[in-house]
Amino acid sequence: MLEELKEKVCRANLDLVKHGVVLFTWGNVSAIDKETGLVVIKPSGVDYSVMKTSDMVVVDIEGKTVEGELNPSTDLPTHLEIYKAYPSVGGVVHTHSSAATSWAQAGRGIPCYGTTHADYFYGEIPCTRDLTADEVNTEYEKNTGTVIVETVGHRDPLAMPGALVKNHGVFAWGTDADNAVHNAVIIEYVAKMALETERLNPEARPAPDYLLDKHYLRKHGKNAYYGQKK
């Protein structure tokens with residue numbers, strides 16, 4: 001069942017290791033099949049060094065296992081809340097990459113200080129509020145997804161394809177698993193640059209809106225002209 005998608009999700013999980021944004025079992029990737037509504041996700045606690053395509057778990061949109069011998073990632077309910085809220089999202093990633101997680105632990109969004117950030121994220125990458133004690137003690141992972149959706153709000157999720165969960169880490173998403181991984185890697189990269197920017201100049205201010213608009217829209221806008229015509 002969904003063999004091609006399972007292979008893609010497994011490869012995307014391994015790409016997190018290749019790009020240096022996960023250690024040990026600290027992360028996961030999922031993807032949704034739009035035709036069936038089924039989700040493929042990494043199994044819980046399986047080390048990347050031994051993980052294989054057949055380990056991937058297939059679940060329905062309510063989290064019930066449809067195929068697979070292993071337990072799905074404990075972050076599955078978070079992924080499902082994102083899929084339910086955003087039909088345009090085809091893949092979700094969670095990491096604890098060091099620089100971006102530092103911003104999450106500080107309770108700060110990542111400011112858009114320059115054009116590298118603006119090429120991918122239309123403004124500051126937001127950080128959620130604290131979850132309440134009740135939210136943590138009752139359906140914690142689902143409520144993590146709920147607070148992400150609350151934080152992103154009415155923004156286009158593909159224009160803001162990621163958020164920081166306060167005191168926790170990074171969730172990123174995209175049109176498919178590969179795109180979601182790409183966005184998670186970019187979040188870590190711009191997080192590092194933002195940290196260095198503030199170290200070099202504590203008075204640094206975000207890039208002006210007109211520069212943000214130019215760089216984001218020339219790549220993603222209606223009249224985008226970056227890259228080659230398809």
K.L.:
Looking only at non-hydrogen atoms, find the nearest pair between Trp173 and Ala163 and report the distance.
P.N.:
CH2-N, 3.8 Å

K.L.:
Measure across Ala194 and Ile110 and return the closest heavy-atom pair with its distance rounded to 0.1 Å.
P.N.:
CB-CG2, 3.9 Å

K.L.:
Report the relative orientation of the aromatic rings in His168 and His96; use parallel for angles under 30°, tilted for 30 to 60°, perpendicular for over 60°.
P.N.:
tilted

K.L.:
Can you name the nearest heavy-atom pair linking Asn143 to Glu135, along with the distance?
P.N.:
ND2-O, 3.0 Å

K.L.:
Near Tyr189 OH, under 6.0 Å, is it more than 12 heavy atoms from other residues, nucleotides or ligands?
P.N.:
no

K.L.:
Could you list the residues that satisfy salt bridge (charged side-chain N to carboxylate O under 4.0 Å, His left out) with Glu7, not counting sequence neighbours?
P.N.:
none

K.L.:
Evaluate the side-chain proximity of His94 to Ser73: yes if any heavy-atom separation is below 4.5 Å, no if none is.
P.N.:
no

K.L.:
Assess whether atom NZ of Lys64 is packed by more than 12 heavy atoms of other residues, nucleotides or ligands within 6.0 Å.
P.N.:
no

K.L.:
Using the test salt bridge (charged side-chain N to carboxylate O under 4.0 Å, His left out), find all partners of Asp130 that sit at least two apart in sequence or belong to another chain.
P.N.:
Lys166

K.L.:
Kindly give the heavy-atom pair with the smallest separation between Met51 and Lys42, and that separation in Å.
P.N.:
SD-CG, 3.7 Å

K.L.:
Compare every heavy atom of Cys127 with every heavy atom of Thr151, then report the nearest pair and how far apart it is.
P.N.:
CG2-O, 3.9 Å

K.L.:
Does the distance from a Lys or Arg side-chain N to an Asp or Glu carboxylate O, for Glu62 and Lys84, drop under 4.0 Å?
P.N.:
yes

K.L.:
Within 45° of the ring axis of Tyr48 and under 6.0 Å from its six-membered ring centre, is that where the NZ or CZ of Lys18 lies?
P.N.:
no

